[in-house]
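Just so it is clear: chains get the letters A, B, ... in the order the sequence lines come, proteins before strands, and each one is counted from 1.
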Amino acid sequence: MAKELIGCLLVRNIDGETLSGMIVETEAYRGREDPASHAYRGRSPRNETMFGPPGHAYVYFTMGMHYCLNITTEPAGKAAAVLLRAIEPTAGMELMAKNRGVADVQRLASGPGNLTKAMAIDRSLNGEDFVTSDRLFVESGRPGASIMASSRVGVSAGKSNHWRFFLEGSRFVSRGRPAGAPRTHN
DNA sequence: TTCGTGATACCC
DNA sequence: GGTATCACGAAC
């Protein structure tokens, strides 16, 4: 699912304005069997939505200052989610720039914390249903894009799992590439 | 490379 | 209660 989301359009409607962007970078997280996952140690109030039905927003606060947006994937009871790490803005750039306090379009939403800040996403959207919501949803994107895979960013456990996906050559993906040569993955 | 920042989880 | 640990970003 993480790979399929690359190239799709993420849409956020807020205050009558539409913010959108093409998803260019994601990471997959699983449950019990994934040491890097919030759900690795089981259910808790924080990760509750990871155990809920698929297609919902799992939004959490981390590092004392950043929100991160995930989309749940597995059926209720089984924890798994895809972290949205970067988008290439396609609409509402002015409001995104205002939210971020920077003008450079390439850096508006390059990184999970930047993405949520640009799109004004916080814990109030935790649990939002991507299928029925008009505040936050995803539209199918362009097929055939060249997608690369690598190990995940900032993850010490499970480095052999290449569960980070990004659009080849995109200048909108986040910095901080993990060590090791990325491999193609189509 | 470092540092700010605060919730969370797990250990008393 | 305390505290280690973060699915980070930006400024150096």
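Annotation for A/Pro112 and A/Leu83: closest pair CB-CD1, 4.1 Å, computed over non-hydrogen atoms. Of all non-hydrogen atoms in A/Glu128 and A/Ser133, the two that sit nearest each other are OE2-OG, 2.6 Å. Across A/Tyr58 and A/Arg46, no two heavy atoms sit closer than the pair CE1-O, 3.3 Å. Residues A/Leu84 and A/Leu115 approach most closely at O-CD1, 3.8 Å, considering heavy atoms.
A heavy atom closer than 4.0 Å to some atom of DNA chain B occurs in no member of residues 69-79 of chain A.
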Strand DNA chain B in bracket notation, Watson-Crick/G-U under 3.5 Å with | for pairs to another chain: ||||.||||||.
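Within a 6.0 Å sphere centred on CZ of A/Phe130, other residues, nucleotides and ligands contribute more than 12 heavy atoms.
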Taking distance alone, no hydrogens or angles, what donor-acceptor pairs closer than 3.5 Å link side-chain atoms of residues 89-96 of chain A to residues at least two apart or in another chain?
unit_1  : atom_1 : unit_2  : atom_2 : d
A/Thr90 : OG1    : A/Ser20 : O      : 3.3
A/Thr90 : OG1    : A/Ser20 : OG     : 2.8

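For the pair A/Lys3/A/Trp163, no side-chain contact is recorded, criterion being any heavy-atom separation below 4.5 Å from C-beta on. At least one side-chain heavy atom of A/Tyr29 sits less than 4.5 Å from a side-chain heavy atom of A/Arg152.
The backbone N or O of A/Ser44 lies less than 3.5 Å from a partner atom in the side chain of A/Asn47, making a donor-acceptor pair. A/Arg100 places a side-chain N or O within 3.5 Å of a backbone atom of A/Arg107 that can act as its donor or acceptor partner.
Within the 6.0 Å centre-distance limit, the rings of A/Phe61 and A/Tyr67 are counted as a close aromatic pair.
If A/Gly154 and A/Arg100 are placed on DNA chain C by their nearest nucleotide, the residue sitting closer to the 5' end is A/Gly154.
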Please list, for nucleotides 7-12 of chain B, all pairs of protein and nucleotide N/O atoms separated by less than 3.5 Å.
unit_1 : atom_1 : unit_2  : atom_2 : d
B/dA9  : OP1    : A/Ser44 : OG     : 2.4

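When the side chain to side chain donor-acceptor pair (under 3.5 Å) test is applied to A/Glu4, no partner is found at least two apart in sequence or on another chain.
Between chain A and DNA chain C, the heavy-atom contact criterion of under 4.0 Å yields a 5' to 3' nucleotide range of C/dC6 to C/dA10.
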